[in-house]
Number of protein chains: 2
Amino acid sequence: MKVNKSANRGRGRPLAFDPNQALGAAMRVFWLKGYEGASLSELTEAMGINKPSLYARFGDKRTLFLAAIEHYNATIGARNLKQLLDGKTVRETVAGYFSAINAALTSADSPPGCMIGSVATDLAGRDEEIRAKVANLLASTEVFLTQRFKELGDSPVNENTLAEIVVSFGQSLAARARLGATQSELDARTARFLSVLLGAEELAPPDR
Amino acid sequence: MKVNKSANRGRGRPLAFDPNQALGAAMRVFWLKGYEGASLSELTEAMGINKPSLYARFGDKRTLFLAAIEHYNATIGARNLKQLLDGKTVRETVAGYFSAINAALTSADSPPGCMIGSVATDLAGRDEEIRAKVANLLASTEVFLTQRFKELGDSPVNENTLAEIVVSFGQSLAARARLGATQSELDARTARFLSVLLGAEELAPPDR
DNA sequence: CAGCCGAAATACCGTTCGGTAAAAAAATGC
DNA sequence: GCATTTTTTTACCGAACGGTATTTCGGCTG
């Protein structure tokens with residue numbers, strides 16, 4: 001049996017699995033199979049635990065799904081958002097953001113598309129708590145983008161409007177990826193979109 | 001050819017339901033509950049028939065879902081596309097298209113959002129036939145839009161690129177509606193988007 | 001060592017799932 | 001009237017579902 005490597009205080013039998021890793025496995029199952037399409041047997045098998053352990057640690061299926069959404073946001077979502085800090089111009093920043101998104105949406109070791117944008121958004125239509133949570137996540141992303149665009153200072157249009165548009169296009173990229181688009185197809189679409197949204201990119205930066 | 005019940009000259013017991021109407025009911029159940037989330041009992045109850053009748057007429061659950069996708073496309077999708085024929089300019093045409101879409105996405109007597117954009121697109125991640133069908137539908141829409149923009153003749157950018165962008169924004173509207181956005185929220189977002197995409201029009205200030 | 005604690009493992013719960021066999025019913029053709 | 005055709009109805013199937021009670025096990029503590 002595996003022994004928990006971290007400090008193992010506490011009196012009873014130690015946990016035989018890493019909860020965060022198990023949550024990641026559950027997330028991937030939901031991501032591919034959807035909420036109702038993911039069975040507890042599939043989940044526990046992927047997580048490497050059995051059902052009573054799942055219930056003790058994560059609660060029921062729906063609570064686990066809520067945790068999976070948070071996990072997605074805290075890992076993949078946060079990684080994409082970090083790309084926003086790299087660019088010096090709005091164009092650079094947005095291009096880098098979409099580039100990261102397109103890579104994540106088509107990663108070979110993940111199900112296609114965005115778990116939140118496809119699975120959770122579908123479920124949002126019939127589950128109010130999920131709906132509110134996902135809507136909130138999306139609104140936060142727009143706030144974050146708006147603030148970043150204001151910092152950059154060179155947005156050609158109202159920063160909040162630009163943030164709306166960027167997030168909206170990101171949603172469509174997620175759907176396309178779910179429908180089988182490859183990374184290069186997404187990148188090509190993104191380039192065409194950016195050329196219309198922000199004007200054609202100059203071949204040589206006239207920084208002189 | 002289809003046989004409706006007024007022109008019933010078959011030999012056996014006549015159908016006691018209208019297949020098209022039953023298909024519409026099934027579509028609405030899938031639309032709200034998702035594919036796996038919709039049970040045969042819910043489906044048959046909404047359709048007003050029992051399971052053997054369902055199987056005789058529509059095949060199994062998955063085949064019924066495929067028919068529901070076609071039904072959605074043939075009714076709601078076609079109605080939206082018809083809006084494209086009304087405008088005289090690209091701006092008018094696109095605005096009318098989005099207006100129809102936003103109304104359909106938030107209709108009071110339908111589940112929220114777009115059945116194809118949320119439910120079917122989610123399922124596309126784990127069902128190749130569904131994936132191909134939905135991807136095809138989307139591609140056809142882009143072709144149709146491209147052609148219409150060419151006819152109109154006043155597109156400020158490459159017509160195919162514009163069609164891509166319009167369809168992409170439509171996908172994001174569908175997701176927003178699934179997440180609870182109201183029609184006026186969608187319309188406001190659309191107006192801000194169009195003012196950036198096609199230049200400002202003296203209608204609403206771009207700030208909410 | 002014994003006692004205890006908490007997690008793991010097994011086996012099981014009632015319900016619902018998607019799907020179907022068999023029989024009853026409604027229309028037509030002779 | 002009576003057989004034929006096609007549908008509706010009823011009842012049912014084995015499997016899988018989400019969720020748990022119970023027991024076993026590993027490790028700390030006194």
Side-chain angles (χ1 to χ4, degrees), chain A residues 1-23 25-26 29-30 32-68 119 123 126-127 129-130, chain B residues 1-23 25-26 29-30 32-68 119 123 126-127 129-130:
Chain A
M1 292 293 174
K2 229 170 159 184
V3 179
N4 208 354
K5 59 198 166 194
S6 58
N8 198 4
R9 51 201 166 283
R11 296 247 297 231
R13 183 172 173 170
L15 224 55
F17 63 96
D18 175 358
N20 212 53
Q21 189 172 315
L23 182 54
V29 173
F30 281 130
L32 178 62
K33 301 297 205 98
Y35 177 69
E36 292 92 350
S39 71
L40 285 190
S41 308
E42 288 173 304
L43 287 165
T44 52
E45 188 188 341
M47 298 167 85
I49 63 180
N50 21 41
K51 286 189 268 187
S53 298
L54 191 161
Y55 275 79
R57 192 48 67 156
F58 299 105
D60 65 7
K61 188 186 179 183
R62 194 168 156 285
T63 307
L64 175 64
F65 185 76
L66 283 162
V119 176
L123 185 55
R126 70 195 91 109
D127 186 317
E129 189 180 355
I130 302 277
Chain B
M1 288 310 244
K2 54 179 62 169
V3 176
N4 66 27
K5 73 179 176 179
S6 58
N8 186 0
R9 359 183 189 328
R11 281 255 303 230
R13 180 171 176 169
L15 266 184
F17 63 97
D18 175 358
N20 213 52
Q21 190 172 316
L23 183 54
V29 172
F30 281 131
L32 177 63
K33 301 297 205 95
Y35 177 69
E36 292 92 351
S39 71
L40 284 191
S41 309
E42 290 173 302
L43 286 165
T44 52
E45 188 188 342
M47 298 166 86
I49 63 180
N50 19 40
K51 286 188 269 185
S53 297
L54 192 160
Y55 274 79
R57 205 72 191 179
F58 299 105
D60 64 7
K61 186 186 181 185
R62 195 168 156 284
T63 308
L64 175 64
F65 185 76
L66 283 162
V119 175
L123 185 56
R126 71 194 92 107
D127 185 317
E129 190 180 355
I130 302 278

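What's counted below: heavy atoms across the whole structure, side chains too, no hydrogens, waters or symmetry copies. Within every chain, numbering begins at 1; the chains are lettered A, B, ... in the order of the sequence lines, protein sequences first and strands thereafter. Since this is a predicted model, take the numbers as computed values, not measurements.
- The salt bridge (charged side-chain N to carboxylate O under 4.0 Å, His left out) search around A:E42 returns A:K33, not counting sequence neighbours.
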Walk along nucleotides 12-19 of chain C from 5' to 3' and tag each nucleotide B, S or - by protein heavy-atom contact under 4.0 Å, base first, then sugar-phosphate.
-----SBB

Between side-chain atoms of residues 57-68 of chain A and protein atoms elsewhere (two or more places apart, or another chain), which donor-acceptor pairs fall under 3.5 Å?
| unit_1 | atom_1 | unit_2 | atom_2 | d |
| --- | --- | --- | --- | --- |
| A:D60 | OD1 | A:R62 | N | 3.4 |
| A:D60 | OD1 | A:T63 | N | 3.0 |
| A:D60 | OD1 | A:T63 | OG1 | 2.8 |
| A:K61 | NZ | A:Y35 | O | 3.0 |
| A:K61 | NZ | A:A38 | O | 2.8 |
| A:R62 | NE | A:D127 | OD2 | 2.6 |
| A:R62 | NH1 | A:E129 | OE1 | 3.4 |
| A:R62 | NH2 | A:D127 | OD1 | 3.0 |
| A:R62 | NH2 | A:D127 | OD2 | 3.4 |
| A:R62 | NH2 | A:E129 | OE1 | 2.8 |

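- Closest heavy-atom contact between B:A46 and B:A25: O-CB, 3.4 Å.
- Rounded to a whole Å, the CG atom of A:L15 is 7 Å from the C1' atom of C:dA7.
- For D:dT7, the OP1/OP2 oxygens have no side-chain nitrogen or oxygen of B:S53 closer than 4.0 Å.
- Under the rule for a side chain to side chain donor-acceptor pair (under 3.5 Å), A:S41 has no partner lying at least two apart in sequence or in another chain.
- B:R11 has its CZ atom 5 Å from the C1' atom of C:dG29, to the nearest Å.
- Here D:dT10 presents its P atom at 17 Å from CG of B:L54, a figure rounded to the nearest Å.
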Would you tabulate the side-chain donor-acceptor contacts of residues 48-55 of chain A under 3.5 Å, counting partners in other chains and residues two or more places apart, or write 'none'?
| unit_1 | atom_1 | unit_2 | atom_2 | d |
| --- | --- | --- | --- | --- |
| A:N50 | OD1 | A:S53 | OG | 3.2 |

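- Checking the phosphate oxygens (OP1, OP2) of D:dT9, a side-chain nitrogen or oxygen of B:N50 falls inside 4.0 Å.
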Below 3.5 Å is the cut-off: list the nitrogen or oxygen pairs between protein and nucleotides 23-25 of chain D, distance only.
| unit_1 | atom_1 | unit_2 | atom_2 | d |
| --- | --- | --- | --- | --- |
| D:dC25 | O2 | A:R13 | NH1 | 3.0 |

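- Between the CZ atom of A:F17 and the P atom of C:dA7 there is a distance of 9 Å, rounded to whole Å.
- In this structure, the separation between CG on B:D18 and CE on B:M47 is 10.5 Å, given to the nearest 0.5 Å.
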